[in-house]
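These notes concern the structure reproduced below.
Keep in mind that what you see is a predicted model, and the values were worked out from it rather than measured. Note on naming: letters A, B, ... go to the chains in the order of the sequence lines (proteins, then strands), and numbering restarts at 1 for each one.
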Amino acid sequence: MSSQSSVWVTGLGIVSSRGEGVVAHDFPKLWGTPPSLDSKTYAPFSVHPMVPLTLDTYIPKKLDQRQMEPWQRLGVYGAGMALRDAGLSSEYRATTDLLVAAGGGERDCAVDETILSELTNGIPFEKALNERLMQDLRPTLFLAQLSNLLAGNIALVHGVTGPSRTLLGEEQAGVDVLRTAWAQIRSGQSSCVLVGASYNAERPDVLLIHALNQRLWKGEFRSVWERDTAGGFILGSGAAFLVLESEEHGRARGVRPQAILSEVRTSLGPVEDSFKALWDSMSAALGGSPDFIVSGATGLSKSTRQEASFLKRQSAGCPVYATGDVLGHLIEAHFLASMVLGVATLHATSGQQAFITSTNHGPNREGEHAVGLAALKGIN
Amino acid sequence: MRKFRDKQGRPLVAISGVGVVTSLGWGIDENWRRLTAGESGICSISRFSTHGLRTTIAGTIDADLKGPFSAPALSQHLAEHAAQEALVMSGLGRPPCSGHAGDFPGGLFLAMPPIELEWPQRCALARAHGDKRPIAYRDLLAAAAHRDHRELLESWQDLFLFGTLGMRLASHFGTCGVPIALSTACASGATAICAAVDALRRGEMEAALVCGTDGSIHVETLVRFSLLSALSTQNDIPSAAAKPFSKNRDGFVMGEGAGALVLETYESLVARGGKAKGFVLGCGEKGDSFHRTRSRPDGVPIISAIQKALDDAALESEAIDGINAHGTGTVENDKMEALACGAVFGDRIKDIPISSNKSMVGHTLTAAGAVEAVFSLWTMQHGRMPPTINYTCPDPTISLDVVPNKARDGVFRRMLSNSFGFGGQNTCLILGTEVSS
């Protein structure tokens with residue numbers, strides 16, 4: 001195999017309950033400060049709600065804004081921020097790959113509620129369903145729901161029209177879009193990739209799925225490391241996007257990297273064993289240990305404790321930050337948010353190296369998780 | 001001396017096994033027999049009431065599964081069947097047998113439909129709530145939070161997460177590493193093939209199990225496409241509704257299905273004494289920023305995707321013997337596809353057979369790109385291109401040889417297979433029976 005290209009991080013976009021932009025998202029600023037929570041709207045569950053955004057900033061046309069629902073709007077906004085941060089012109093965007101991690105878009109909850117209410121009032125199910133769906137749904141809502149239409153809207157609004165792939169699968173999708181982008185650039189298959197995801201936590205249709213799966217934390221806020229019994233996650237709204245490019249592409253554009261993405265690896269297996277194997281092989285490849293760790297621990301007790309136990313043994317006392325404590329749990333966007341926080345914290349601390357972790361929350365065979373580990377090198 | 005690398009020095013990617021399920025039947029043999037006979041799998045929908053709906057036809061697949069219909073459950077069942085057939089055909093690894101999981105020395109790449117909670121579950125929660133006053137999501141959430149729904153949960157646990165299907169298939173077939181699940185709407189099946197080819201070319205693995213599956217025809221999915229005016233409403237004769245490239249085409253017909261392929265580096269296939277059924281010679285992907293569902297009127301993104309696939313295969317357009325069209329039967333797609341093919345192939349397009357499997361199996365959505373890659377491979381293997389049926393009223397503005405109504409014998413060494421998805425995601429594959437130019 002020919003020599004592998006270095007992968008530069010040249011643009012960042014992030015929005016969350018803590019604000020907009022990299023300037024609001026580093027751990028020295030956020031760590032130890034109280035999270036922004038809404039504990040009323042979806043009681044007994046809390047969410048980390050989005051700060052209000054001026055959509056025009058990155059989605060100039062009102063028509064585009066109206067076509068989308070919050071999940072896609074957040075993503076298109078975050079993507080726009082990363083592209084502007086990278087200074088990527090339209091000429092380059094036409095050959096920039098797009099790798100997005102996504103779930104699905106918001107249902108029309110009012111229509112669902114009408115259908116269910118008609119049922120409980122004795123209207124035959126199929127009549128209620130067919131009529132309400134045909135008559136009450138806005139015809140283009142489906143486009144706001146399709147998993148790949150976040151990427152589609154990014155193409156439309158921001159002119160990113162290289163190969164486009166949308167990966168599915170909660171947390172592991174977020175890791176795999178980054179891993180795929182990294183591998184494509186290293187091997188020369190791609191020279192510039194926009195990678196990212198968004199998540200809207202403020203939607204009862206999706207809270208319901210996680211509530212039914214018994215995975216949502218109830219009641220008073222606690223750190224992910226301290227959630228007892230089965231634990232649980234607190235969903236957070238946000239978007240996180242990165243522009244990655246090969247060193248050659250960056251030099252040709254005349255830009256400097258904000259960080260180097262040295263490694264991204266994944267494994268499927270028991271949490272501790274998987275992290276150990278990934279860590280050992282990564283440390284051997286990179287030489288040296290991290291100045292700090294950004295953990296994607298979910299707050300689900302079993303896997304979180306396993307990760308905590310591993311990090312305690314392995315990390316020689318370097319600080320361990322948890323994205324879940326400051327932003328909430330962003331599912332597909334979680335690992336990518338951790339990456340952005342990682343780059344921002346390297347700058348803020350003049351750090352040399354950071355490791356970023358991820359574990360998926362399910363579904364898994366007993367004792368196994370999809371685990372991810374990445375390494376960032378600081379530019380100082 | 002055999003050459004195992006392509007012109008760009010990348011490992012050649014061979015196909016060693018295929019599997020397919022559609023409304024025409026279970027398995028490649030039954031599908032091929034009926035496809036080449038010009039039969040249709042489209043019928044009036046009996047799975048649910050179509051009262052009040054504008055489209056009442058589809059290519060559904062009935063499977064004897066427990067419990068109410070659920071898209072993830074049917075999609076899993078179809079995927080398992082198609083992948084099993086492909087694995088047995090390939091002879092690579094060990095397929096699952098008698099309740100034991102299989103063992104496959106490579107990764108899993110899965111194209112799958114959107115997943116969400118479905119009506120049986122919402123209704124069950126509403127009934128559990130009990131009250132007669134208007135139900136709100138607040139009530140469903142409260143019911144989920146405060147009550148023990150073990151009996152409701154048992155069959156649904158994790159069913160409605162996006163990661164579930166990939167993880168279950170990875171467990172069942174014993175694939176390596178974290179499975180990749182993806183969607184590019186109607187291009188998904190082809191995108192999964194491209195993703196696997198990329199991984200093999202990078203040397204990350206020597207084999208990949210690729211599967212595109214879609215078992216998601218229920219009222220809501222039908223209504224969603226119907227509201228976008230994408231579906232044919234010619235319900236009277238269901239088998240005649242899907243009429244790609246015809247003057248009176250009026251939309252696509254939804255279909256269910258799964259297509260699976262075992263991909264291996266040619267080198268590792270030969271080393272283990274295996275036989276290639278064909279090769280994935282090139283992949284081309286290009287995005288369109290014009291509109292969420294329509295293509296740029298000059299067809300440039302589609303032309304670009306086709307050209308990129310040819311470039312990736314290091315082939316001139318003259319090398320293509322046949323085209324498996326995206327051919328949905330919508331007014332828009334067929335016009336744009338004809339325009340783009342005309343631009344790439346010039347005058348020769350009139351002599352290149354281009355047919356649409358969707359005329360018979362319907363649009364199998366996230367499975368389509370994989371199902372149609374399988375059918376393209378069989379076209380080349382058997383020297384017979386399936387027809388575009390229901391072609392009785394040609395569109396005078398489309399001058400293509402659509403292989404009307406009857407299958408056509410010929411020599412097909414290299415084929416182009418097109419898949420164009422909502423969201424402007426265009427994916428083209430070049431498949432071949434030989435690797436030398």
Side-chain angles (χ1 to χ4, degrees), chain A residues 1 42 44-45 98 103-104 109 112-113 116-117 119-121 125-127 129-131 133-134 137 139 142-143 146-149 151-152 155-156 159-170 172 176 183-184 187 189 204-205 207-209 211-213 218 266 268 360 362-365 370, chain B residues 48-49 51-53 112 114-117 119 122-123 126 132 134-138 140-141 144-145 149 153 156-158 160-164 166-167 171 177-178 180-185 191 195 198 202-204 219-220 223-224 227-228 285-289 292-293 301 421-425:
Chain A
M1 172 126 335
Y42 307 101
F45 308 115
L98 192 43
C109 291
D112 289 349
E113 289 169 348
L116 291 171
S117 301
L119 281 188
T120 55
N121 281 304
F125 174 59
E126 284 175 336
K127 185 170 195 295
L129 188 64
N130 293 17
E131 283 180 7
L133 292 178
M134 281 299 286
L137 286 178
F142 185 33
L143 302 175
L146 274 172
S147 308
N148 68 303
L149 260 286
L156 210 144
V160 179
T161 55
S164 173
R165 298 185 190 161
T166 296
L167 299 196
L168 312 170
E170 289 78 37
Q172 72 213 45
D176 267 313
Q184 282 176 185
S187 68
Q189 288 175 334
D205 55 341
L207 279 162
L208 186 56
I209 296 176
L212 281 172
N213 288 338
K218 278 186 250 183
T266 61
L268 183 62
N360 77 327
N364 296 309
R365 271 193 304 210
Chain B
F48 49 83
S49 162
H51 169 78
L53 304 181
M112 52 174 274
I115 301 288
E116 56 184 351
L117 202 67
W119 282 104
R122 276 184 218 107
C123 293
K132 272 220 181 286
I135 304 257
Y137 263 91
R138 193 183 326 118
L140 304 182
L141 267 179
H149 289 291
L153 281 182
W156 318 334
Q157 182 76 41
D158 289 340
F160 304 104
L161 293 177
F162 280 89
T164 299
M167 286 299 207
S171 274
V178 179
I180 300 284
L182 56 79
S183 176
T184 48
T191 303
D198 279 352
R202 286 196 296 268
E204 277 176 22
V219 172
E220 197 145 9
V223 167
R224 280 164 164 158
L227 290 175
L228 288 175
E285 296 161 275
K286 181 70 184 155
D288 190 333
S289 59
R292 288 163 185 93
T293 57
F422 275 3
Q425 284 146 34

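Comparing S171(B), G423(B), P114(B), G52(B) by how many heavy-atom pairs each has under 4.5 Å with chain A, the most go to S171(B). Interface summary for chain B: among G362(A), G159(A), P204(A), A370(A), the most heavy-atom pairs under 4.5 angstrom belong to P204(A). Taking chain A as the reference chain and counting heavy-atom pairs below 4.5 Å, the highest number among L228(B), T293(B), D198(B), L117(B) is found for D198(B). Chain B forms the most heavy-atom pairs under 4.5 Å with one residue out of L129(A), L119(A), N364(A), and that residue is L129(A). Of all the listed residues (M112(B), E204(B), E220(B)), the one sharing the greatest number of non-hydrogen pairs under 4.5 Å with chain A is E220(B). The greatest number of non-hydrogen atom pairs below 4.5 Å with chain A, out of C123(B), G163(B), G177(B), S183(B), is found for S183(B). Ranking G162(A), P163(A), G152(A) against chain B, the residue ahead of the rest is P163(A), based on heavy-atom pairs under 4.5 Å. Among Q172(A), E131(A), Q189(A), the residue with the largest count of heavy-atom pairs under 4.5 Å with chain B is Q189(A). In terms of heavy-atom pairs under 4.5 angstrom with chain A, the leader among F48(B), W119(B), F160(B) is W119(B). Counting heavy-atom pairs under 4.5 Å between each of R165(A), Q184(A), M134(A) and chain B puts R165(A) at the top.
From T184(B), atom OG1 reaches atom CG of L167(A) across 10.5 Å, with rounding to the nearest 0.5 Å. Going from atom OG1 of T191(B) over to atom CD1 of I180(B) covers 13.0 Å, rounded to the nearest 0.5 Å.
With sequence neighbours excluded, no residue forms a salt bridge (Lys or Arg N to Asp or Glu O under 4.0 Å) with E126(A). Annotation: side-chain contact (heavy atoms from CB on, under 4.5 Å) contacts of S164(A) (sequence neighbours excluded): L98(A), A151(A), Q425(B).
With a 4.5 angstrom heavy-atom cutoff, L149(A) touches chain B only via side-chain atoms. Heavy atoms of L207(A) lying under 4.5 Å from chain B belong to its backbone as well as its side chain. Of the atoms belonging to L146(A), it is side-chain heavy atoms, and not backbone ones, that fall under 4.5 Å from chain B. Using a 4.5 Å cut-off between heavy atoms, R365(A) contacts chain B through its side chain alone, with no backbone atom that close. With a 4.5 angstrom heavy-atom cutoff, S147(A) touches chain B only via side-chain atoms. Contact of L143(A) with chain B is made through the side chain alone, with heavy-atom distances under 4.5 Å.
Donor-acceptor pairing under 3.5 Å is lacking for the side chains of E170(A) and N360(A). Side-chain polar atoms of Y137(B) and D205(A) form no donor-acceptor pair below 3.5 angstrom.
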(request) Mind running side chain to side chain contact (heavy atoms under 4.5 Å, CB included) on K286(B) and T161(A) for me, showing each step along the way? (result) CA-CA 6 Å; K286(B) 181 70 184 155; T161(A) 55; 3.2 Å; yes
(request) Evaluate the side chain to side chain contact (heavy atoms under 4.5 Å, CB included) criterion for residues L182(B) and T166(A): first the C-alpha distance (whole Å), next the side-chain angles of each, then the deciding distance (0.1 Å), finally the verdict. (result) CA-CA 6 Å; L182(B) 56 79; T166(A) 296; over 6 Å; no
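The two residues L208(A) and L140(B) come nearest to each other via the heavy atoms CD1-O, 3.6 Å.
Counting heavy atoms from C-beta on, the side chains of L161(B) and N213(A) come closer than 4.5 Å.
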